[in-house]
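Only one structure is covered here, and it is reproduced in the block below.
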Amino acid sequence: MSFPDRSPAAVSVEGRHAFDRGDPIEANPYPEGSDDHATWKRGWQMPDGERAEASMPDAPQPTREPPAGGGSETAPG
């Protein structure tokens, strides 16, 4: 009996846990060129959003447009 492949989320979590343990990126257990290899690597490289943001402090932040009709401008009158 064969078991189904692991979900991409589970593979990514494996990569994140490997990073947390201090495993090198070369410890990726999936064949190079496979989807699972790329997913594990992404999990290892960016275990959480905070680390990704901290690693790029000078990256431009997204700008928000003010809501239509709700800006700080005064109404004509």
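Because the structure is a prediction, the values reported are computed rather than measured.
For N28 against H37, the heavy-atom pair with the smallest separation is ND2-O, 2.9 Å. Among all heavy-atom pairs drawn from W40 and A18, the shortest one is CZ2-CB, 3.4 Å.
Contact of the Y30 side chain with the V11 side chain is registered, since non-hydrogen atoms from C-beta on lie closer than 4.5 Å.
Here the straight-line distance linking atom NE2 of H17 with atom CG of D23 works out to 11.5 Å at 0.5 Å rounding. Atom NZ of K41 and atom OG of S34 lie 11.5 Å apart (nearest 0.5 Å). Separating the CD atom in E32 from the CD atom in E26 is a distance of 10.5 Å, to the nearest 0.5 Å. Atom CZ of R16 and atom CZ of R42 lie 13.0 Å apart (nearest 0.5 Å).
Within the 3.5 Å criterion, the main-chain N or O of A27 finds no donor-acceptor partner in the side chain of W44.
Around the CG atom of D35, the shell of radius 6.0 Å holds no more than 12 heavy atoms that belong to other residues, nucleotides or ligands.
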